[in-house]
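Residue numbers run from 1 in the order of the sequence given.
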Amino acid sequence: MFKHNVGTLDRMFRIVLGLALLAGFALNADAAYRWLYLIGIIPLLTGLFGTCGVYSLFGINTCRMKS
């Protein structure tokens with residue numbers, strides 16, 4: 001369906017960032033703008049699936065070239 005355009009290091013960073021933001025959502029129960037932590041779903045999913053829509057729009061690919 002979608003072509004992989006997110007490299008290994010980029011994927012790891014996205015997964016860690018997504019999990020950290022979702023952990024912030026769980027741990028800050030009385031924060032005023034707690035719902036903003038849910039933005040962590042986006043980097044988590046793009047990291048897990050290995051494809052990024054914004055990268056596709058701009059033609060960016062951080063995957064290694066196959067030789």
Side-chain angles (χ1 to χ4, degrees):
M1 189 163 126
F2 289 107
K3 188 188 269 188
H4 288 279
N5 60 1
V6 179
T8 306
L9 186 62
D10 195 5
R11 287 178 81 173
M12 288 189 304
F13 176 73
R14 288 169 183 258
I15 291 170
V16 168
L17 178 66
L19 289 174
L21 286 170
L22 291 176
F25 176 78
L27 297 174
N28 290 331
D30 50 331
Y33 294 103
R34 178 180 177 220
W35 56 271
L36 283 174
Y37 285 114
L38 292 177
I39 199 82
I41 293 171
I42 295 169
L44 180 63
L45 290 178
T46 58
L48 290 174
F49 291 119
T51 185
C52 178
V54 176
Y55 276 14
S56 296
L57 285 174
F58 292 109
I60 301 170
N61 188 349
T62 59
C63 290
R64 288 192 149 196
M65 299 296 264
K66 295 179 182 173
S67 42

Arg11 side chain to Val6 backbone, donor-acceptor under 3.5 Å: no

Non-hydrogen atoms of Pro43 and Gly18 that approach each other most closely: CG-CA, 4.1 Å

Cluster link Leu45 to Leu21, ILVMFWY, side chain under 4.5 Å: yes

List, one per line, each side-chain donor-acceptor pair under 3.5 Å for residues 50-59, sequence neighbours excluded.
from: Thr51; atom 1: OG1; to: Lys3; atom 2: O; distance (Å): 3.2
from: Tyr55; atom 1: OH; to: Asp10; atom 2: OD2; distance (Å): 2.9
from: Tyr55; atom 1: OH; to: Arg14; atom 2: NH2; distance (Å): 3.4
from: Ser56; atom 1: OG; to: Asn5; atom 2: ND2; distance (Å): 3.1
from: Ser56; atom 1: OG; to: Cys52; atom 2: O; distance (Å): 3.2

Same apolar cluster (I L V M F W Y, side chains within < 4.5 Å links), Met12/Leu22: no

Set of residues satisfying side-chain contact (heavy atoms from CB on, under 4.5 Å) with respect to Leu48, sequence neighbours excluded: Ile15, Leu44

Verify same cluster id: Ile41, Leu17 (apolar side-chain graph, 4.5 Å): yes

Taking only distance into account, with no hydrogens and no angle test, what donor-acceptor pairs under 3.5 Å do side-chain atoms of residues 29-38 form with protein atoms, sequence neighbours excluded?
from: Arg34; atom 1: NE; to: Phe25; atom 2: O; distance (Å): 2.7
from: Arg34; atom 1: NH2; to: Phe25; atom 2: O; distance (Å): 3.1
from: Tyr37; atom 1: OH; to: Asn28; atom 2: ND2; distance (Å): 2.9

Shared hydrophobic cluster, Phe49 / Leu19 (ILVMFWY, side-chain heavy atoms < 4.5 Å): yes

